[in-house]
J.: 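Here it is, the structure, as structure tokens.
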Amino acid sequence: MRWSRYYLFTTREVPRDAEVVSHQLMVRSGMVKKLAAGIYSYLPFGWRSLAKLMEIVRREMAAAGAVELSMPAVQPAELWHESGRWQDYGRELLRLSDRHDRDFVFGPTHEEVITDIVRHDVSSYRQLPISLYQIQVKFRDEIRPRFGLMRGREFLMKDAYSFHTDDASLAVTYEEIRQAYCRIFEACGLDYTMVEADSGAIGGSHSHEFMVVAETGESAVVRCPECDYAANVEKAETRALPAPPAGPESGLRKVPTPGATSVEEVAALLEVATSQVVKTLVYMGPDGPVATLVRGDREVNEVKLAASLGAPGIRLAEPAEVEEATGAPLGFAGPVGLPDGLRVVADESVRPLAGFVVGANEADAHYVGVDLERDVRVDDWADLLLVGGGDACPRCDGKLEEFRGIEVGHIFMLGDKYSKSMGCTYLDDQGESHAMQMGCYGLGIGRTVAAAIEQGHDDGGIVWPLPLAPFEVLLLSLQTRNEEVVAASNQLYDELTRAGVEVLYDDRDERPGVKFNDADLIGVPLRIVVGARSLKEGQIELSLRRTKEKEMVAVDGAVESIRERLEAERARVTGSGG
RNA sequence: CGGGGCGUAGCUCAGCCUGGUAGAGCGCACGGUUCGGGACCGUGAGGCCGGAGGUUCAAGUCCUCUCGCCCCGACCA
């Protein structure tokens with residue numbers, strides 16, 4: 001491809017709304033252009049990288065036995081009523097209506113459609129298992145789209161769905177696809193980790209996320225350096241916390257604590273550790289307010305709480321709601337003497353405490369010397385703890401480390417959530433009808449490319465891993481008015497093209513400085529410079545974007561040298577993946 | 001949903017407080033000198049100042065409404 005005929009316009013200035021480096025570089029290198037909040041055009045240079053990833057994904061999905069199809073982006077509301085998600089999915093679901101006022105959604109995911117397809121076509125255990133996937137545009141109306149392609153509203157996603165007679169068959173496919181995902185991210189040369197995850201709004205039992213390690217990642221993850229345990233903090237567990245010493249008093253006593261509404265203030269005022277205070281948070285659940293108890297120095301994991309209540313849409317209660325539920329203003333709620341109707345859920349971190357401090361359910365007062373058995377009614381015990389770095393690994397003696405990651409893939413064992421509600425059944429060898437077991441497997445295409453840039457860049461611009469690079473080679477002609485240089489560049493371009501090398505040929509009539517800086521910005525892995533000076537010696541310059549090391553090679557036979565460098569680079573990625 | 005900020009040339013921004021003929025840098029076009037790490041000189045094109053309404057002799061500037069974009073928060077008691 002000749003740059004002079006290509007659609008690639010770089011910019012020196014960063015658009016004001018680009019915050020993270022991948023977004024800035026994608027805009028500056030002419031990969032994407034924003035059309036509206038969270039909605040982007042993929043320009044030719046960016047599209048090539050996305051296409052590269054999609055080919056890797058197709059190859060590995062096929063290897064895992066999945067079959068490609070393509071489903072509609074616009075889906076009738078009836079399917080979503082059937083699955084119940086018209087209600088459950090919330091405001092992220094973009095709803096539309098047609099000229100007849102019939103309701104539709106722009107699909108954020110395709111469980112309903114695929115289940116509808118399969119329930120019509122598949123009726124026998126002999127047709128199972130099957131795995132289907134598509135690569136398609138999705139729309140989720142995010143509260144706050146940001147970071148360019150990392151959290152867009154419209155985005156490209158590979159989504160796969162598998163159908164099975166039973167759990168065992170599902171487990172086999174789940175494992176095959178898990179391995180396919182590992183191969184995909186390894187093939188891209190990304191530093192990633194697989195973690196245990198919460199299954200959230202999609203539903204189901206078992207789920208893993210694939211995280212690309214990056215400081216700008218939106219997800220917090222813990223990992224044990226001693227064993228292979230890794231989990232999203234939404235899901236992460238730890239061992240029982242070491243019990244703090246019992247508080248100084250053992251008899252229940254009300255003490256004045258004017259104005260002390262935070263754990264820190266109360267602990268300071270009463271001269272106890274924050275771990276000897278119990279925090280009472282009131283959440284609004286599906287059946288009204290719920291009081292939750294957690295040790296004062298720790299925090300409640302709302303995802304765990306939602307899961308234990310069996311309700312996706314919980315929120316912290318408003319001050320007025322807290323007062324109505326507990327009779328106390330914000331900051332003084334406590335588990336002693338709560339109204340009988342108010343459900344109390346306690347985190348396990350509270351269990352070993354003795355002689356602790358809680359709010360007194362009246363303004364400016366707390367109880368000290370609280371005893372769990374004697375003074376507190378707990379309806380349910382649960383693991384509600386937000387786990388973080390430094391906590392004990394639940395599997396071994398290690399200590400968890402915390403880091404941030406970009407969620408690029410998420411796989412779920414769905415079970416029969418959709419097949420049951422939508423009547424996707426098969427007949428077994430006894431002629432009996434059963435709901436199919438399902439799995440679903442998502443992989444963010446744009447997000448993965450953005451993640452690759454987060455991991456691969458320097459001050460000059462993008463440093464592409466070879467497998468995702470829009471072009472393998474940038475052929476840079478330094479003097480476009482020098483006949484020898486032009487002739488040698490043209491010939492090299494022809495030879496490389498014929499040899500099947502993906503080459504971008506910078507034949508633009510620009511100054512060298514401009515070309516070099518653009519070369520760094522767009523990050524093509526192997527740069528070839530043809531300039532008058534070295535051409536006199538019959539030589540051209542090769543350099544890797546990654547290392548910036550330069551070497552001179554003879555023009556004659558240059559194609560072979562170039563192919564060798566590319567092979568070495570390719571081997572580097574696949575050789576050290578994972 | 002709450003709070004804040006910003007919409008002026010393709011891009012980044014100034015001008016608005018204190019109303020009076022629309023600006024800069026980069027980019028773009030043309031001419032010249034340059035040419036292995038974002039050159040220099042000269043000339044030029046390009047804007048109904050997001051939209052609507054109002055105040056005024058006069059609005060980019062003041063007022064009201066509206067649309068868009070960005071950031072922060074959404075209560076850890």
J.: Any base atoms under 4.0 Å from A/Asn517, or only sugar-phosphate, or nothing? Heavy atoms, all strands.
T.: base
J.: Kindly indicate whether the side chain of A/Glu13 and the base of B/G10 share any N or O donor-acceptor pair separated by less than 3.5 Å?
T.: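 Side chain to base: no pair below 3.5 Å.
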J.: Identify the nucleotide, in any strand shown, that forms a Watson-Crick or G-U wobble pair with B/C1, with both distances under 3.5 Å; if there is none, say none.
T.: B/G73
J.: I want to confirm an ordering. Mapping A/Pro329 and A/Thr10 to their closest nucleotides on RNA chain B, which one lands closer to the 5' end?
T.: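 Residue closer to the 5' terminus by nearest nucleotide: A/Thr10.
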J.: So what does A/Ala333 hit on the nucleic acid, given a heavy-atom distance under 4.0 Å: a base, only sugar-phosphate, or nothing?
T.: nothing
J.: Kindly point out which of B/C70, B/G27, B/G37 is positioned nearest to the side chain of A/Ala37?
T.: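 Among the listed nucleotides, the one closest to the side chain of A/Ala37 is B/C70.
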J.: Is a donor-acceptor contact shorter than 3.5 angstrom present between the side chain of A/Glu19 and the base of B/C70?
T.: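 No.
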J.: Taking atom P in both B/U64 and B/G5, compute the distance separating them and give it to the nearest angstrom.
T.: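 14 Å, rounded to whole Å.
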J.: Rounded off to whole Å, could you give me the CD-to-P distance for the A/Glu142 and B/C71 pair?
T.: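 Those two atoms, CD and P, are 13 Å apart.
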J.: Using a heavy-atom cut-off of under 4.0 Å over every strand shown, decide if A/Val14 touches base, sugar-phosphate, or nothing.
T.: sugar-phosphate
J.: Could you check how far CD of A/Glu265 sits from P of B/C76, rounded to whole Å?
T.: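 Distance check: A/Glu265 CD to B/C76 P gives 11 Å.
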J.: Applying ring pair (Phe, Tyr, Trp, His ring centres under 6.0 Å), name anything that partners A/Tyr283, two or more places apart in sequence or on another chain.
T.: none
J.: Rounded to the Å, how far apart are A/Arg481 CZ and B/G36 P?
T.: 12 Å
J.: Look at all strands and tell whether A/Glu541 reaches a base, only sugar-phosphate, or nothing, counting heavy atoms closer than 4.0 Å.
T.: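 Base, at least one base atom sits under 4.0 Å.
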J.: Find the partner of B/G53: check Watson-Crick (N1-N3 plus N6-O4 or O6-N4) and G-U wobble (N1-O2, O6-N3) distances, both under 3.5 Å, and reply none if neither fits.
T.: B/C63
J.: Counting side-chain heavy atoms from CB outward, which of B/C26, B/C13, B/C1 is closest to A/Arg16?
T.: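 Of B/C26, B/C13, B/C1, B/C13 is nearest to the side chain of A/Arg16.
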J.: When the P atoms of B/C40 and B/G25 are considered, how many whole Å apart are they?
T.: 12 Å
J.: Regarding A/Asp509 and A/Thr480, is there a side-chain donor-to-acceptor distance under 3.5 Å anywhere?
T.: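 Indeed, the side chains of A/Asp509 and A/Thr480 share at least one donor-acceptor pair under 3.5 Å.
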J.: Does a side chain donor of either A/Ser477 or A/Asp507 reach within less than 3.5 Å of an acceptor in the other side chain?
T.: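 Per modelled atom types, A/Ser477 and A/Asp507 side chains form no pair under 3.5 Å.
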J.: Applying the Watson-Crick and G-U wobble criteria at under 3.5 Å, what pairs with B/G31? Answer none if nothing qualifies.
T.: B/C41
J.: How is A/Val263 classified with respect to the nucleic acid when contacts are heavy atoms under 4.0 Å: base, sugar-phosphate, or nothing?
T.: sugar-phosphate
J.: Measure from NZ on A/Lys550 to P on B/G36 and round the result to the nearest Å.
T.: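 My rounded result for the distance is 13 Å.
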J.: Quick check: any donor-acceptor pair below 3.5 Å linking the side-chain of A/Arg508 to the base of B/G38?
T.: no
J.: With both distances kept under 3.5 Å, what pairs with B/G19, Watson-Crick or G-U wobble?
T.: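 Matched B/G19 with nothing under the 3.5 Å cut-off.
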J.: The side chain of A/Glu318 lies closest to which of these nucleotides: B/G37, B/C75, B/G38?
T.: B/C75
J.: Round to the nearest Å and state the distance from A/Leu476 atom CG to B/G38 atom P.
T.: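 Those two atoms, CG and P, are 14 Å apart.
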J.: Taking the side chain of A/Tyr283 as its heavy atoms from C-beta onward, which of B/G36, B/G27, B/C76 lies nearest to it?
T.: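 Taking heavy atoms from C-beta onward, the closest nucleotide is B/C76.
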J.: Starting from the 5' end of RNA chain B, give me the residue, A/Lys34 or A/Arg533, whose nearest nucleotide shows up first.
T.: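 Mapping each residue to its closest nucleotide by heavy atoms, the 5'-most match is A/Arg533.
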J.: Given A/Val266, which partner from the list A/Leu270, A/Leu269, A/Val263 fulfils the side-chain contact (heavy atoms from CB on, under 4.5 Å) test?
T.: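 Exactly one candidate clears the test, A/Leu270.
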J.: Which listed nucleotide (B/C69, B/G36, B/G27) is nearest to the side chain of A/Arg12?
T.: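 It is B/G27.
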J.: At 4.0 Å (heavy atoms only), tell me whether A/Thr11 reaches a base, stays on the sugar-phosphate, or touches nothing.
T.: nothing
J.: When the ring centroid of A/Tyr505 is compared with that of A/Phe471, is the distance short of 6.0 Å?
T.: no
J.: Could you identify the nucleotide paired to B/C48, looking across every strand shown and requiring Watson-Crick or G-U wobble geometry with both distances under 3.5 Å?
T.: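 Its partner: none found.
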J.: Would you indicate what A/Arg153 reaches in the nucleic acid, counting non-hydrogen atoms under 4.0 angstrom: base, sugar-phosphate, or nothing?
T.: nothing
J.: Which nucleotide in the list B/A74, B/U12, B/G36 gets nearest to the side chain of A/Ile143?
T.: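 Ranking B/A74, B/U12, B/G36 by closest atom to the A/Ile143 side chain puts B/A74 first.
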J.: Taking A/Val294 as the fixed residue, which of A/Val345, A/Leu305, A/Thr280, A/Leu385 is the one that meets the side-chain contact (heavy atoms from CB on, under 4.5 Å) rule?
T.: A/Leu385
J.: Whole-Å distance between B/G37 P and A/Asp506 CG?
T.: 15 Å
J.: Looking only at side-chain N and O atoms, does A/Asp518 offer a donor or acceptor that is under 3.5 Å from a partner on A/Thr10?
T.: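 There is such a pair between these side chains.
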J.: Does A/Ser534 get its side chain close enough to the base of B/G36, under 3.5 Å, for a donor-acceptor pair?
T.: yes
J.: Given the C1' atoms of B/G60 and B/U21, what is the spacing between them in whole Å?
T.: 13 Å
J.: Determine: side-chain N/O of A/Lys515 to OP1/OP2 of B/C35, distance under 4.0 Å, yes or no.
T.: no
J.: Expressed as a whole number of Å, how far does the P atom of B/G37 sit from that of B/G50?
T.: 42 Å
J.: Measure from the side-chain heavy atoms of A/Val514 and tell me the nearest of B/G36, B/C75, B/A39.
T.: B/A39
J.: Across the strands shown, which category fits A/Gly531 at heavy-atom distances under 4.0 angstrom: base, sugar-phosphate, nothing?
T.: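 Base, at least one base atom sits under 4.0 Å.
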J.: What is the pairing partner of B/U12, taking Watson-Crick or G-U wobble pairs with both distances under 3.5 Å in any strand?
T.: B/A24
J.: Any donor-acceptor pair, under 3.5 Å, between the side chain of A/Glu302 and the base of B/C76, if you only look at N and O atoms?
T.: yes
J.: Can you tell me how far C1' in B/U18 sits from the matching atom in B/C30, rounded to whole Å?
T.: 42 Å
J.: Specify the separation, in whole Å, of atom CG of A/Asp17 and atom P of B/G68.
T.: 16 Å
J.: Using purine N1 to pyrimidine N3 plus N6-O4 or O6-N4 for Watson-Crick, or N1-O2 and O6-N3 for G-U wobble, both under 3.5 Å, which nucleotide pairs with B/G36?
T.: none
J.: Given the P atoms of B/U61 and B/C48, what is the spacing between them in whole Å?
T.: 16 Å
J.: What are the two closest non-hydrogen atoms of A/Val21 and A/Glu454, and how far apart are they?
T.: CG1-OE1, 3.4 Å
J.: Distance check, P atoms only: B/G44 and B/G23, in whole angstrom units.
T.: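 My reading of the P atoms in B/G44 and B/G23 gives 14 Å.
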J.: Less than 4.0 angstrom from a charged side-chain N to a carboxylate O is my criterion; do A/Asp17 and A/Lys34 meet it?
T.: yes
J.: Under 4.0 Å between any heavy atoms, over every strand shown, what does A/Arg295 touch: base, sugar-phosphate, or nothing? Just pick one.
T.: nothing
J.: Of the options A/Val376, A/Asp375, A/Val278, which is the one that meets A/Val358 in a side-chain contact (heavy atoms from CB on, under 4.5 Å)?
T.: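 Going through the options one by one, the only one that passes is A/Val278.
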J.: Are A/Arg511 and B/A39 close enough that a side-chain N or O sits under 4.0 Å from OP1 or OP2?
T.: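 Yes, within the criterion.
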J.: Taking the same atom, C1', in B/G27 and in B/C11, what whole-Å distance lies between them?
T.: 7 Å
J.: Is any N or O donor-acceptor pair between the side chain of A/Arg527 and the base of B/G37 shorter than 3.5 Å?
T.: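 Counting by modelled atom types and ignoring angles, a donor-acceptor contact under 3.5 Å is found here.
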J.: Measure the distance from CE on A/Met284 to P on B/C75 and round it to the nearest whole Å.
T.: 14 Å
